[in-house]
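Here is the structure we will look at.
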There are 2 protein chains.
Amino acid sequence: MKDRARHLDAADPLAAYRERFDVPEGVIYLDGNSLGCLPKATPDRLAEVVRGEWGTGLVRSWNDADWIAMPQRIGAKIAPLIGAAPHEVIACDSVSVNLFKLISAALAMRPGRKVVLSEPGNFPTDLYMIDGLERQGLAERRLAKRGDLPDALDEDVALLLLTHAHYKTGELFDMAALTRAAHEAGALVLWDLSHSAGAYPVHLGECEADFAVGCGYKYLNGGPGAPAFAFVAERHHDAVRQPLSGWMGHAAPFEFSDDYSPAPGVDRLLCGTPPILGMAALEVGVDLIAEIGVDRLYAKSKALSEFFRQCVSEHGVELDLVSPTDPDARGSQLSFRHGNAYALSQALIARGVIGDFRDPDILRLGFAPAYLSFTDIAEAASHLAKVLESGEWRREEFGKRAAVT
Amino acid sequence: MKDRARHLDAADPLAAYRERFDVPEGVIYLDGNSLGCLPKATPDRLAEVVRGEWGTGLVRSWNDADWIAMPQRIGAKIAPLIGAAPHEVIACDSVSVNLFKLISAALAMRPGRKVVLSEPGNFPTDLYMIDGLERQGLAERRLAKRGDLPDALDEDVALLLLTHAHYKTGELFDMAALTRAAHEAGALVLWDLSHSAGAYPVHLGECEADFAVGCGYKYLNGGPGAPAFAFVAERHHDAVRQPLSGWMGHAAPFEFSDDYSPAPGVDRLLCGTPPILGMAALEVGVDLIAEIGVDRLYAKSKALSEFFRQCVSEHGVELDLVSPTDPDARGSQLSFRHGNAYALSQALIARGVIGDFRDPDILRLGFAPAYLSFTDIAEAASHLAKVLESGEWRREEFGKRAAVT
């Protein structure tokens with residue numbers, strides 16, 4: 001296995017990019033789908049922003065360092081990763097807050113319809129943001145299992161809200177087909193790209209998606225709690241209105257008018273003052289991922305996860321895979337069901353193999369292709385086999401749940 | 001004047017704190033009320049968070065570096081600056097987003113009442129967040145001038161939303177009296193502390209305020225676009241519900257349940273994943289301001305602004321002061337009306353005296369007491385006198401408006 005891994009690494013066109021990330025010694029990091037690794041360029045860029053732009057430039061940097069244009073500039077850089085036009089994407093707030101904006105916008109664009117349709121087991125914050133609008137009396141949440149979604153798309157549905165790659169299983173939705181089905185039912189579609197943007201080639205434009213949101217701190221390597229992004233298809237730019245109408249989304253914020261007038265296009269999704277430190281770190285991550293390109297990243301991610309499955313199988317490990325076996329049907333991860341998945345994940349972490357656990361019984365391993373080698377994968381599989389064979393996951397220390405799991 | 005300034009500096013108990021900030025050479029910074037200066041401890045702390053906690057710790061730092069508790073920990077440190085209990089304050093999102101949460105919460109707590117009362121000319125984002133809820137059909141915006149506010153508090157008013165220190169003039173509201181008036185009318189009160197927190201001793205508890213929000217990047221020196229904070233009086237902790245019910249505000253976020261159940265107390269104000277880089281910088285600023293203490297800060301700020309007025313007057317400069325002449329009636333700033341206030345502010349910036357302009361005709365000078373000396377003030381006054389005497393503000397270059405003014 002190790003020989004094969006070495007050969008695969010030697011032939012890997014992305015191998016050199018590992019050096020652009022700060023991957024800690026002794027760690028095999030299979031959790032880039034939770035928090036992406038630190039790009040080596042980030043600390044210097046942040047130091048420049050902090051000491052130079054903030055410390056010396058002070059308030060002048062809103063103009064002189066063009067802080068004011070960061071949300072649009074970073075959005076435009078994210079756009080090609082998700083099949084959008086540069087002016088259709090903006091970096092701002094969190095995924096949750098952007099969900100609220102766009103669910104609200106969709107409801108306002110479909111008067112007489114109140115249902116927001118999603119699936120049970122979608123990432124919680126997606127469902128909870130519908131709940132928030134439901135408690136305001138503005139939405140009605142409806143959940144239907146994957147196979148039942150087309151039937152659940154009736155004339156009450158204002159919006160279909162789905163996560164493209166499932167956070168637990170990595171299973172992908174057919175974006176084109178579901179978008180079409182929603183449109184045929186007169187509904188709009190909002191795609192959560194948190195587990196696909198930057199790792200999987202998304203084609204929002206081709207699929208005629210209406211809205212999307214996505215995460216900056218996973219495959220975009222923007223740092224913990226990085227700003228998120230939001231997409232609005234150009235054809236909706238005049239119609240879209242969202243209730244978090246803060247001053248930065250005003251057509252002329254520095255006129256300090258008493259009355260709100262929305263900025264053109266996606267700019268009206270802005271709310272408060274942009275978080276410049278987070279934006280600066282996000283930009284470094286986005287630049288790097290854009291340089292590598294999502295097509296190459298996804299090709300490598302499939303090769304990595306398939307190689308992992310081979311290695312595990314050759315070790316004689318039998319684990320219940322809950323991700324699709326077809327690599328084209330999943331995002332950049334493999335998830336396994338195990339009755340003691342938490343202890344298993346902790347025992348792996350103790351060996352330097354960082355994956356994660358998702359309640360109640362999922363061991364989730366992410367294959368962020370920008371900085372993982374095939375050698376990492378062979379070693380990770382070997383550690384997993386040893387942890388299972390030895391039963392070392394049964395140690396008491398591995399069973400104690402931390403605050404964040 | 002210079003001699004007097006030197007004496008005042010020698011007697012200033014806060015003089016040594018200037019060394020704790022990175023005040024650029026050749027700059028007299030009278031804009032700490034827009035973006036506070038960089039604390040000298042911030043770059044190293046950020047480098048530690050970026051290289052150590054993110055780069056090496058990776059996803060483990062949510063537990064190991066206690067990232068998960070930053071919103072509460074920083075909130076508890078802000079609490080004594082605003083007269084709140086530690087568990088009544090949380091650091092999160094932007095001022096705008098927090099306004100939306102708390103306006104919504106107040107409306108839900110006053111069923112049958114839809115009016116949110118504020119004053120014309122309040123900071124735009126405060127008014128725009130009411131507009132957002134009005135467009136959703138959930139609120140009705142009512143504006144009344146300062147003197148007319150008590151009369152405008154009728155049985156339709158759910159919430160009185162005011163900014164404690166006015167962003168343009170620095171004029172302070174009588175928080176205790178207006179809170180009482182609102183309560184007598186059956187309304188709740190939300191105070192925006194953006195221009196008072198960290199510079200003026202706020203007494204939310206004593207005044208029996210219901211809600212408050214405030215800014216992290218002005219007098220708290222948290223950096224450009226720093227996370228904001230929100231306050232909910234303990235007596236409302238069980239009743240408060242807000243629609244931005246993201247996963248971080250869930251009672252058990254890592255159970256990944258399909259249904260939202262709010263976390264106890266102010267934790268339910270959390271929405272998305274906390275922005276750790278911004279939080280880390282904010283914490284350094286808050287620690288430093290808390291160490292100095294707001295009572296001492298405000299005493300010095302009054303002394304600075306009164307000294308500025310003296311110096312300007314001795315230079316024979318006549319400018320129309322729109323801030324209250326009584327230092328006890330204003331926050332940490334002086335604002336002057338001038339037909340060419342923008343050009344004036346630009347001419348001062350060219351001389352290294354950074355204040356700002358607020359549309360249409362206000363020159364706003366802030367006296368952030370943590371890092372300004374009386375010598376700065378004497379020099380700033382002298383520059384202002386020279387700019388006005390010489391008419392150098394008439395130069396064409398000073399009239400061209402930048403994107404951010």
Side-chain angles (χ1 to χ4, degrees), chain A residues 22 24 29 31 34-35 38 42-43 46-47 50-51 54-56 58-59 62-63 67-68 94-97 100 120 124-125 127-129 131-133 135-136 138 223-225 241 243-247 254-258 260 271-278 281 354 358-359 402-405, chain B residues 22 24 29 31 34-35 38 42-43 46-47 50-51 54-56 58-59 62-63 67-68 94-97 100 120 124-125 127-129 131-133 135-136 138 223-225 241 243-247 254-258 260 271-278 281 354 358-359 402-405:
Chain A
D22 191 2
Y29 195 58
D31 213 4
S34 178
L35 172 64
L38 170 67
T42 303
L46 266 175
V50 172
R51 289 184 193 274
W54 173 14
T56 305
L58 284 162
V59 74
W62 284 107
N63 291 308
W67 284 349
I68 197 69
S94 63
V95 171
S96 303
V97 169
F100 189 87
T125 221
L127 301 180
Y128 301 164
M129 299 321 281
D131 289 348
L133 282 151
R135 280 192 310 278
Q136 286 187 303
L138 301 172
R241 292 297 296 262
L244 294 169
S245 47
W247 73 307
F254 297 96
E255 284 179 9
F256 297 94
S257 149
D258 278 359
Y260 183 75
C271 184
T273 305
I276 299 304
L277 306 186
I354 303 181
R358 281 295 171 259
D359 214 43
V404 179
T405 60
Chain B
D22 191 2
Y29 195 58
D31 212 4
S34 177
L35 172 63
L38 170 66
T42 303
L46 266 175
V50 172
R51 289 184 193 275
W54 173 14
T56 305
L58 284 163
V59 74
W62 285 105
N63 291 307
W67 284 349
I68 196 68
S94 62
V95 170
S96 302
V97 169
F100 190 87
T125 221
L127 301 180
Y128 300 165
M129 299 322 280
D131 289 348
L133 282 151
R135 279 191 310 277
Q136 286 187 303
L138 301 172
R241 292 296 297 263
L244 293 169
S245 46
W247 72 308
F254 297 98
E255 284 180 6
F256 297 94
S257 150
D258 277 0
Y260 183 75
C271 184
T273 305
I276 299 304
L277 306 186
I354 304 181
R358 282 298 171 257
D359 213 44
V404 179
T405 61

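Bear in mind that the values here come from a model prediction, so they are computed numbers and not experimental data. Within every chain, numbering begins at 1; the chains are lettered A, B, ... in the order of the sequence lines, protein sequences first and strands thereafter.
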(message) Given heavy-atom pairs under 4.5 angstrom as the criterion, report whether the side chain, backbone, both or neither of B/Leu244 touches chain A.
(response) both

(message) Just so I know, are the side chains of A/Cys271 and B/Met129 near enough to count as touching, which here means a heavy-atom distance under 4.5 Å?
(response) yes

(request) Return the option, out of A/Gly278, A/Pro224, A/Gly55, A/Pro43, with the maximum number of heavy-atom pairs under 4.5 Å with chain B. (result) A/Pro224

(message) Less than 4.5 Å to any heavy atom of chain B: does that hold for the side chain of A/Asp258, its backbone, both, or neither?
(response) both

(message) Can you confirm whether A/Leu46 sits close enough to B/Leu46 that some side-chain heavy atom of one is under 4.5 Å from a side-chain heavy atom of the other?
(response) no

(message) Is B/Leu58 in contact with chain A via its backbone, its side chain, both, or neither, using a 4.5 Å heavy-atom distance?
(response) both

(message) Quick check for you: to the nearest 0.5 Å, what is the distance between B/Leu38 atom CG and A/Thr56 atom OG1?
(response) 8.5 Å

(request) Could you check which of A/Trp62, A/Trp54, A/Trp247 has the highest count of heavy-atom pairs closer than 4.5 Å to chain B? (result) A/Trp54

(request) Please report the closest heavy-atom contact between A/Leu133 and B/Gln136, naming both atoms and the distance. (result) CD2-NE2, 3.8 Å

(request) For A/Ser257 and B/Pro124, work out which heavy atoms get closest and say how close. (result) O-CB, 3.8 Å

(message) Let's test your reading of the structure: which of A/Val404, A/Leu35, A/Thr273, A/Val97 forms the most heavy-atom pairs below 4.5 Å with chain B?
(response) A/Val404

(request) Can you see which heavy atom on A/Tyr128 is nearest to which on B/Phe256, and at what distance? (result) OH-C, 4.4 Å

(message) With chain A as the partner, which of B/Val59, B/Leu127, B/Val95 has the greatest number of non-hydrogen pairs under 4.5 Å?
(response) B/Val59

(message) Please classify the contact of A/Val50 with chain B as side chain, backbone, both or neither, using a heavy-atom distance under 4.5 Å.
(response) both

(request) Name the region of B/Ala47, side chain, backbone, both or neither, that has any atom closer than 4.5 Å to a heavy atom of chain A. (result) neither

(message) Please classify the contact of B/Pro120 with chain A as side chain, backbone, both or neither, using a heavy-atom distance under 4.5 Å.
(response) both

(request) Of all the heavy-atom pairs spanning A/Gly272 and B/Ser96, show the shortest one and how long it is. (result) CA-OG, 3.5 Å

(request) Go through the atoms of B/Ser94 and report whether side chain, backbone, both or neither lie under 4.5 Å from a heavy atom of chain A. (result) side chain

(message) Quick check for you: among A/Ser34, A/Pro243, A/Pro24, which has the greatest number of heavy-atom pairs under 4.5 Å with chain B?
(response) A/Pro243

(request) Write down the atom of A/Phe254, the atom of B/Thr405, and the distance for their closest heavy-atom approach. (result) CB-OG1, 3.5 Å

(message) I'd like to know if the side chain of A/Asn63 and the backbone of B/Ala403 have a donor-acceptor N/O pair within less than 3.5 Å.
(response) yes

(request) Taking all non-hydrogen atoms of both residues into account, name the closest pair between B/Arg135 and A/Ser245 and its distance. (result) NH2-OG, 3.0 Å

